[in-house]
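Before any comments, here is the structure.
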Amino acid sequence: MKIAVCVKRVPDTTSKIVIAPGGKSIDETGLKFVPNPYDEFAVEEALALKEKAGAGETVVYSLGGPPTGETLRTALAMGIDRAVLLESGGSPDGLAVAQALAAELGMGGYDLILFGKLAVDDYNHQVGPMVAEILGMPCITSVAHLTIEAGTVTAEREIEGGVEVSTCALPAVLTCDKGLNNPRLPSLKGIMAAKKKPLETKPAALGEPALEVLDLQLPPERKPGRIVGEGADAVPALVELLRTEAKVL
Amino acid sequence: MASRILAVMEQRDGALRKVSHEVLAAARRLADAGGGTVDAVVMAAGSVEGADQLARFGADRVLTATHPDFRLYQPDGYAATVSAAADGASAVVIAATATGRDLAPRVAARLKVPCASDVTELVAENGAVIVTRPVYAGKALQRVRLTGTPAVVTVRPNTFAPSETNRPGDASAMEVPTFGPRVTVREIKAPAQAALDVAEAPVVVSGGRGLREPDNFRLLEELADAFGNAAVGASRAVVDAGWREHGAQVGQTGKTVSPGLYIAVGISGAIQHLAGMRTAGTIVAINKDKDAPIFRTADYGIVGDLFEIVPRLTEEVRKARTGH
Ligand SMILES: Cc1cc2nc3c(=O)[nH]c(=O)nc-3n(C[C@H](O)[C@H](O)[C@H](O)COP(=O)(O)OP(=O)(O)OC[C@H]3O[C@@H](n4cnc5c(N)ncnc54)[C@H](O)[C@@H]3O)c2cc1C
Ligand SMILES: Nc1ncnc2c1ncn2[C@@H]1O[C@H](COP(=O)(O)O)[C@@H](O)[C@H]1O
């Protein structure tokens, strides 16, 4: 089994967001960056599948600036065999990233290409299925349960009010959701080993930008709320407010 | 330039889903800005309940694409159909649902155009589509201009209110392009109680660790029942504990919801929870700790024991809604 995993470097989700001067991006000073949480499910799945198969290769790809090397090292420390950094500046749109990744992944001869279901910074939900379309591969998104037998993938994903069960043949693209597995933490041994694993850097062949960010703003503050009262006795007053003021009843 | 906007309808089991009317409302906005028209495309295996009513919700023309493989979602077939129907359109509007989020990027990649996901606001300006979308777990709002044509966007459920008008609707069948199905959806396993989904319900009542044990969620189910149109959500703490299904989780690693009314019961209001519900119309918090962070986001709060407050609220809501 030859498996590729795409990982994005994103700000830790607990960080406070500050808008950078210019008003189009965030101020990265002092921000802690982590591998996109959904991509950790993808890394774990790749490792588990290779372990189960008893043979194969796992490769991690990331597109970003030089600090993205750290993100790749984390994946290597978890157990991925080698890494490829596609160097690019700025924050290219989903299609541009997908084109650059597809150009690289298409030559790899992978049985499986794994993504996170979405990146928690841009919330795009796009890159995995876009890469699949560009490469003409089958794709199942937001996979929360997976079995692969005799070259056939059976995957479950959550939909509104149910679980959708899909099948496709390998090679395939899958995007990973929470519930798929429990990502391992890098061990001390893994962290040491990661330092010696190959990390190749090359320029990203980005597509033309097709989205122009006009501005980035903090969401409007919700108007300050109020405590209606204490205990069950406050319920009639609340219901009255829901009816007359909020008009939701 | 008279624009043509394509609105992608969603059906399940031969009935249109409510979110389709919201997609039409969003498409209508783009069309009306430029004196354009809206085509609604319906993909199904047979007739679809509600498809003949789409003119009322804003469609100038309804295109039905019927194919035996469209009994369930067919990613490759849908992508081929929508891409074909998008020919000559200036924008394609799709719901940001499980299906729509899967479909939109496929369509965009086929057409080699950008895609803006989960938009909460959209306008047409000088022929270009400009959207607003939450990023960084809702901690910032990004405004983007889509430069390719058509602009592919997915709209967040419960954000664009359906509007009814009288317009003469036209209907025609559209041919489904041939496609090689690479993926096959086999079945939909419904949960034990096929309830309203938190991502789409107009009212969401969510419970957290304050409920103490799984059986106590009965209290919230009763409250939801009193509303009649409510879904029961949960914090991650109780989902991780196995009290509720992951499908009910609200927040950064769960669902993003924008109901008209969100009631947080025994939930502290962690930033990752807020990420999933801060765009709700009205937020109510019930918590025994007056310093719980949820009160800073809530419009209305009651401090106290949920086990006393919730049953009373159920009673009062029922009274308010039914008059007895
Ligand atoms: C990467 C990451 C992703 C995450 N994603 C999510 C997510 O998607 N969704 C999510 O919800 N969380 C998420 N979390 C977890 C989040 O940080 C919190 O731990 C979680 O939301 C807490 O759940 P809770 O409010 O139910 O529990 P608690 O924080 O324990 O709060 C329980 C509340 O109940 C109140 N209470 C107790 N008894 C009563 C009573 N009798 N009457 C009234 N009130 C009572 C308490 O005062 C308290 O405020 C995530 C965390 C991380 C690190
Ligand atoms: N810059 C990037 N480098 C590598 N993988 C990426 C990058 N951006 C997105 N991805 C992958 O695509 C998935 C979906 O991202 P998005 O479409 O941006 O929400 C992520 O979970 C990653 O697996």
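Since the model is a prediction, treat every value here as computed from it, not as a measurement. Below, chains carry the letters A, B, ... as their sequence lines are ordered, and counting in each starts from 1.
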Would you check if the side chain of [X] reaches a backbone N or O of [Y] as a donor-acceptor pair within less than 3.5 Å?
X	Y	value
B:Lys139	A:Ser15	yes
B:Arg186	A:Thr154	no
A:Glu160	B:Ala98	yes
B:Arg133	A:Asp122	yes
B:Glu308	A:Gly231	no

Side chain / backbone / both / neither for [X] at chain B, heavy atoms under 4.5 Å:
X	value
A:Pro209	backbone
A:Arg243	side chain
A:Val239	side chain
A:Leu211	both
A:Thr167	both
A:Ala98	neither
A:Leu214	both
A:Asp215	both
A:Thr175	neither
A:Glu156	side chain

Identify which of A:Cys168, A:Ala169, A:Ser166 forms the greatest number of heavy-atom pairs closer than 4.5 Å to chain B.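 Of the options given, most contacts go to A:Ser166.
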Relative to chain A, which segment of [X] carries a heavy atom at a distance below 4.5 Å: side chain, backbone, both, or neither?
X	answer
B:Leu306	neither
B:Gln249	side chain
B:Thr132	neither
B:Lys255	side chain

Of all the heavy-atom pairs spanning B:Ala140 and A:Ile17, show the shortest one and how long it is.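 What the structure gives for the nearest pair is CB-CG2, 4.3 Å.
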For the student: nearest non-hydrogen atoms of A:Leu216 and B:Tyr136, plus distance: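 So the minimum-distance heavy-atom pair works out to CD2-CE1, 4.4 Å.
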Side chain to side chain donor-acceptor pair (under 3.5 Å) between A:Thr13 and B:Gln272, intermediate numbers included: CA-CA 8 Å; A:Thr13 55; B:Gln272 296 92 350; 4.6 Å; no
Report yes if the side chains of B:Asp102 and A:Arg157 come closer than 4.5 Å at any heavy-atom pair, otherwise no.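 Yes, their side chains come closer than 4.5 Å.
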Under a 4.5 Å cutoff for heavy-atom pairs, which residue among B:Val135, B:Ile309, B:Ile302 has the most contacts with chain A?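 Sorted descending by pairs with chain A, the first entry is B:Ile302.
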Could you walk me through whether A:Leu238 and B:Val284 pass side-chain contact (heavy atoms from CB on, under 4.5 Å), step by step? CA-CA 9 Å; A:Leu238 171 67; B:Val284 172; 3.9 Å; yes
